[in-house]
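These notes concern the structure reproduced below.
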Amino acid sequence: MAFDYDQYIRGGKLPHIWCPGCTYGIVFKSILRVVDTLKLNRDDIAMVSGIGCASRLPGYVDFNTLHTTHGRALPFATGIKLSKPDKHVLVVSGDGDATAIGGNHFIHACRRNIDITMLVFNNFIYGMTGGQHSPTTPSGHLASTMPYGNVDPSFNIPELAKGAGASFVARGTAYHAAGLDKLISGAVQHKGFSVVEIINACPTTHGRRNKFKSPTDMLLWMKDTFLPAVAFDKLPAEKTAGKFPMGVLFKKEGAPEYCETYYGLVERLKKQREGRA
Amino acid sequence: MAQVKLLQGNEACAEGALYAGCTFFGGYPITPSTEVAEYLSRRLPLIGGVFIQMEDEIAAMAAVIGGSLTGRKALTATSGPGFSLKQENMGFAMLTEVPCVIVNVMRGGPSTGVPTGPGQSDIMQCRWGTHGDHPAICLTPAYVQEIFSETVRAFNLSERYRTPVIIAFDEVIGHMRERIEIPDPGVLPIINRTKPTCPPSEYLPYDDSKGDVPPMANFFEGYRYHVTGLNHGTDGFPVNASPRIHTDELRLMRKVEANKAEIIKYEEYLLEDAEVAIFAYGISGRSAKTAVEAARKEGIKAGLFRPLTIWPFPEEQIADLSGHVKGIVVPELSLGQIIFEVDRCAKGRCKLEGIYRVDGDPINPAQILAKVKEVM
């Protein structure tokens, strides 16, 4: 029987705002399948976002949803999670939202290792505002604010997350849709800060300017560029140029989780007071 | 039995927050407000509350709103530059109607300015700091005891009207130690946000059909609703270019405007027969009180109007006052900000003189007395 997505989608809120050829719908469906597979109670889920195309996703889903200011989803989510540590907090963000204006919050959420799942929809561009270069736009690519080709170096989001202290780091792509469920599910189940970078396509503001003739070409580029980490690691250096690994790239079990540490302190203080009484 | 303590203004603010039921503090270190955070970092973990020092001022404001959405009463405290950084998310809380309290211990500015000296030059920012039209409630206590009680009142107003409330005092009162009495629980009234009673399927988070302040559901209590900083309909979902935006923004303003009688609070001191009035708040209000007493000793009929609510501005009271006195003197630790509000309400009915000072020291009573004599 086909999966019933409608059970998780708010009545009357579709169609979504995303352009034809945008791959966000693929990720959207994956998230809903994961929520269903893990049997999460939707009353116990908060989905938080910032500003941008990806950040409109929470409006469509039947959870507790919060669409905040540009780049700030993580600190809002931190306030929620620390207040209610037994609830599931998912953050949806884009490359600009997460790593430019929200870059500081991103590294500090990683450092705290707070039990939040962060899904970064990386489409390499500021789509909503019409195609300006972001911190992940590849070198040389054309953008509305890089008319002569991008001169900015780019971030590698999983490396950034790992370096800053996230305890679960994965990368998937919209092309490899079947694998996404497993990555998002692993991230949600992981205790600690988990980051999944999801490679997406923006044909309207990125592909058109950069010789991708169709949205399909962008998906085929994902197919050729992202290799399973196991296969990638076995390749000689000369064959990995221009390629990137995907899958679970880093996982650390047992790293102290922020809420556990904080409420552990609360408990310890309580015991000390009881001991004295 | 009330507890008697010797506290700094900043510590009294923290005590007031705890009295009001605050269980969430998100902050970032900044002079001269840091003691609010330090005090709560000791106290909140002891009661199972949340204390978190965020990575920056913006994040602290965001975390406070997130905490409040789960039902906690939430506080942040900052000063000058940090207050500027918080403005965008304060606007978010105003539009999404999430209660929270923001303390601004004012120092000199602009920019880094005078971090260790008092200022009152953020007072228009307290009204208009975030972009767009928005309601504002801002309280201006002048004594350590008053910082305690006004902090309790700030939480009450915030919960009652579903809006951020600012408490603005200054470095001198923030750091000054005075004797205060902390009343027993239950002595001061505590207001909590109204929750919905309808079934979740019927809940409209911004339904204005039964009043200007809609009931607020907390996250994770079965009311799965949407909160967005975009202008939204009664159901909380974005609307674009709709007449609803206009009517809803009018409602946000009306929450404060229509309830001014309940929100506005002030002290009148020897104003009944006054020929000259001083309009002053915070530390300048304290100097003004001393100046009034000195003037009276010399046979000069001076009086003081000291607002404890600066926003919404006590328009009717100042209009009335201006018809009964020869002049109003406005001392403030800025180059002239709140005097324009006094002017707007006095409408030329009496003389108006400002005393301005921004060198990091308070205005002293002698300066005020001299100006009172000029106006006579």
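Quick note: numbers below take in every heavy atom, side chains included, and nothing from hydrogens, waters or symmetry partners. Everything numeric here is computed off the predicted structure, so don't read it as measured data. Lettering of chains follows the sequences in order, A, B, ..., and the numbering in each one begins at 1.
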Check your understanding: For A/Y262, is it the side chain, the backbone, both or neither that has a heavy atom under 4.5 Å from a heavy atom of chain B?
Key -> side chain
Revision key, fill the gap. Residue from A/I107, A/V48, A/N64 scoring the most non-hydrogen pairs under 4.5 Å with chain B is A/N64
**Study point:** Point-to-point distance, once rounded to the nearest 0.5 Å, from OH of B/Y225 to CG of A/L66
**Key:** 9.0 Å
Review point. Can you tell me how far CZ of B/F51 sits from CG of A/L82, rounded to the nearest 0.5 angstrom?
Key: 11.0 Å
Review point. Distance from A/N104 atom CG to B/M54 atom CE, nearest 0.5 Å?
Key: 9.5 Å
Point to revise | Check ion pair B/E55-A/R112 (N to O, under 4.0 angstrom) | key: yes
Review point. Within a radius of less than 6.0 Å around OH of B/Y28, do more than 12 heavy atoms belonging to other residues, nucleotides or ligands occur?
Key: no
Review point. Is chain B contacted by the side chain of A/R111, its backbone, both, or neither, given a heavy-atom distance below 4.5 Å?
Key: neither
Check your understanding: Can you find a heavy atom in the side chain of B/F237 that is under 4.5 Å from one in the side chain of A/R10?
Key -> yes
Practice item. Measure A/I45 against the heavy atoms of chain B and call it side chain, backbone, both or neither at under 4.5 Å. Key: backbone
Exercise for review: Might you confirm whether atom CG of B/N240 has over 12 heavy atoms from other residues, nucleotides or ligands at distances under 6.0 Å?
Suggested key: no
Review point. Considering all heavy atoms of both residues, which atom of A/T65 and which atom of B/F219 are nearest to each other, and what is their separation?
Key: O-CZ, 3.6 Å
Review point. Minimum heavy-atom separation for A/L265 to B/P45, with atom names?
Key: CD2-CB, 4.4 Å
Point to revise | Closest non-hydrogen atom pair between B/R224 and A/D43, with its separation | key: NH1-OD1, 2.7 Å
Practice item. Classify the ring geometry between B/H226 and A/H67 as parallel (under 30°), tilted (30 to 60°) or perpendicular (over 60°). Key: parallel
Exercise for review: Give the member of B/G49, B/G26, B/A217 that has the highest number of heavy-atom pairs under 4.5 Å with chain A.
Suggested key: B/G49
Review point. Nearest heavy-atom pair of B/T70 and A/S83: which atoms, and what distance?
Key: OG1-CB, 3.2 Å
Exercise for review: Answer whether the closest heavy-atom distance between the side chains of B/L69 and A/K84 falls below 4.5 Å.
Suggested key: no
Exercise for review: Nearest 0.5 Å please: distance from the CD1 atom of A/I80 over to the CG atom of B/N218.
Suggested key: 11.0 Å
Point to revise | Structural part of B/Y223 lying under 4.5 Å from a heavy atom of chain A | key: backbone
Practice item. Heavy-atom distances under 4.5 Å only: say whether A/K13 touches chain B with side chain, backbone, both or neither. Key: side chain
Study note, to complete from the structure: Honestly, the part of A/K270 sitting under 4.5 Å from a heavy atom of chain B is neither
**Study point:** Atom group of A/L269 that falls short of 4.5 Å from chain B, counting heavy atoms
**Key:** side chain
Exercise for review: Taking all non-hydrogen atoms of both residues into account, name the closest pair between B/A62 and A/P75 and its distance.
Suggested key: CB-CB, 3.7 Å
Check your understanding: How far apart are the C-alpha atoms of B/D56 and A/R72, what are their side-chain angles, what is the distance that settles it, and do they pass the salt bridge (Lys or Arg N to Asp or Glu O under 4.0 Å) test?
Key -> CA-CA 11 Å; B/D56 61 33; A/R72 318 302 174 196; 5.1 Å; no
Check your understanding: Pick from B/G48, B/A59, B/G66: which one has the most heavy-atom pairs with chain A under 4.5 Å?
Key -> B/G66
Review point. Hey, is the main chain of A/G79 close enough, under 3.5 Å, to the side chain of B/R72 for a donor-acceptor pair?
Key: no
Point to revise | Atom pair NE2 (A/H70) and CD1 (B/I58), whose distance is rounded to the nearest 0.5 Å | key: 12.0 Å
Review point. Under a 4.5 Å heavy-atom cut-off, does chain A meet the side chain of B/F24, its backbone, both or neither?
Key: side chain
